[in-house]
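Worksheet for the structure shown next.
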Amino acid sequence: MFENLKPQPEDKIIKMIGMFAADPRDDKLDLGVGVYKDASGNTPVMRAVKRAEARLLESQDTKKYVGLLGNLEFVDGMRELVLGGSVASSRVTGAQTPGGTGAIRQIFELINMATPDATVWISDPSWPNHEAILKYLGMKVGKYRYFDEATCGVDFDGMMTDLDGAAAGDVILLHGCCHNPTGANITVEQWGAVTELLMSKNLTPMIDIAYQGFGDGLEEDAAGVRLMAARVPEMLIAASCSKNFGLYRDRVGAALAVCKDEVALTKGALATLNRMNFSFPPDHGATVVTIIMGDPELRADWMAEVESMRVSMLELRSGLADALRRETNSDRFDFVADHRGMFSRLGLTTPQVDKLRDDYGIYMVGDSRFNVAGLPADGLDDLAKAIAAVL
Ligand code: LMR
């Protein structure tokens, strides 16, 4: 039977992880996959996570199943983290999922179950796995304009025009904050305008929020989503703890649904989808997050650490923008300092990206997306020189 398999299309982020690992050069630089790194290039376990894990190890006396929807305290904690008080908790249901990708997959399947003819509109560009999963599920995909290559900002007029062309019942996937891959984000006022449009056209928002806390702060990064949640009748949210809790490999995420009044129905569908795809979601990381959220001291320490990660990424952004200004003698790359989140796209061509990799051992995704946290604080001038040299 295996002869019937076809080679699978490669995910460009995963491909790059493999290429970087296979490169024998000692001075290679990984600006690829979205993983936070400290000044020494390590991705440490966060302080509060270590302490919560120690507590869990001491107190856990069984490994029996928790429930199809996972740890409900965790799901409610995620609701609170993302939505704050913007919508009554009685209107929100959700499921714990294996990572943010698990949440995205379950939500796509929920949409497919409820409204198989709907088109899911994603930003152009978006995280590559959005389109890949939708296509794999045989769902209809639309793309709305998002990034203006000329200004390296959001093409908001183009975005609104394209969303206006969506049909009633379609789903609009928005990045809650820290747009991946561009780093260009809509303002809170623009969230308001998108909300109006969605409501007037009977479109359902789906939010992918994987970098809360890495842009302008934990609360600030959720402001647009909360404004929208307070107004729309229905909303879907895929939230991830991979980045802001540093729990990448433990696979911690949540699929949330804000409902008009079909909470029980939606909850049942999410439980069934979990059952059919993997049964019970992995417990460890979600329970660690629950311990942190429920303990004022651990929570404060976690928030402080997220904030210091955010600030260090902002400093790296301005450092690189300054170095590029000096090396290129132009303001072409000033947008790097204005963008928010873990990524920006430099706007290089594929041959330029290839040359950076081949000649300098500098790895970024083919569309010239780079991981801000991977920037070397003491090597920004060299990096800017290399970028200037391939222009
Ligand atoms: C990324 O975009 O680099 C991260 O979300 C990791 C991934 O799974 O692609």
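Note that the structure is predicted; figures quoted are calculated from it, not measured. Indexing begins at 1, ligand by ligand and atom by atom, following the structure's order.
- Side-chain polar atoms of W121 and D170 form a donor-acceptor pair below 3.5 angstrom.
- Side-chain contact, T349 with Q352: a donor N or O sits under 3.5 Å from an acceptor N or O.
- Note: L81 CG to F245 CZ = 6.0 Å, rounded to the nearest 0.5 Å.
- Two residues are said to be in side-chain contact when any heavy atoms from C-beta on lie closer than 4.5 Å; C241 and M78 meet this criterion.
- Between R145 and the choices D164, D162, D157, D124, the salt bridge (charged side-chain N to carboxylate O under 4.0 Å, His left out) rule is met once, by D162.
- A donor atom on one side chain and an acceptor atom on the other are not found under 3.5 Å apart for R79 and T93.
- Pocket lining of ligand 1, defined as residues with a non-hydrogen atom under 4.0 Å away: I13, V33, G34, W127, N180, Y211, K243, F343, R369.
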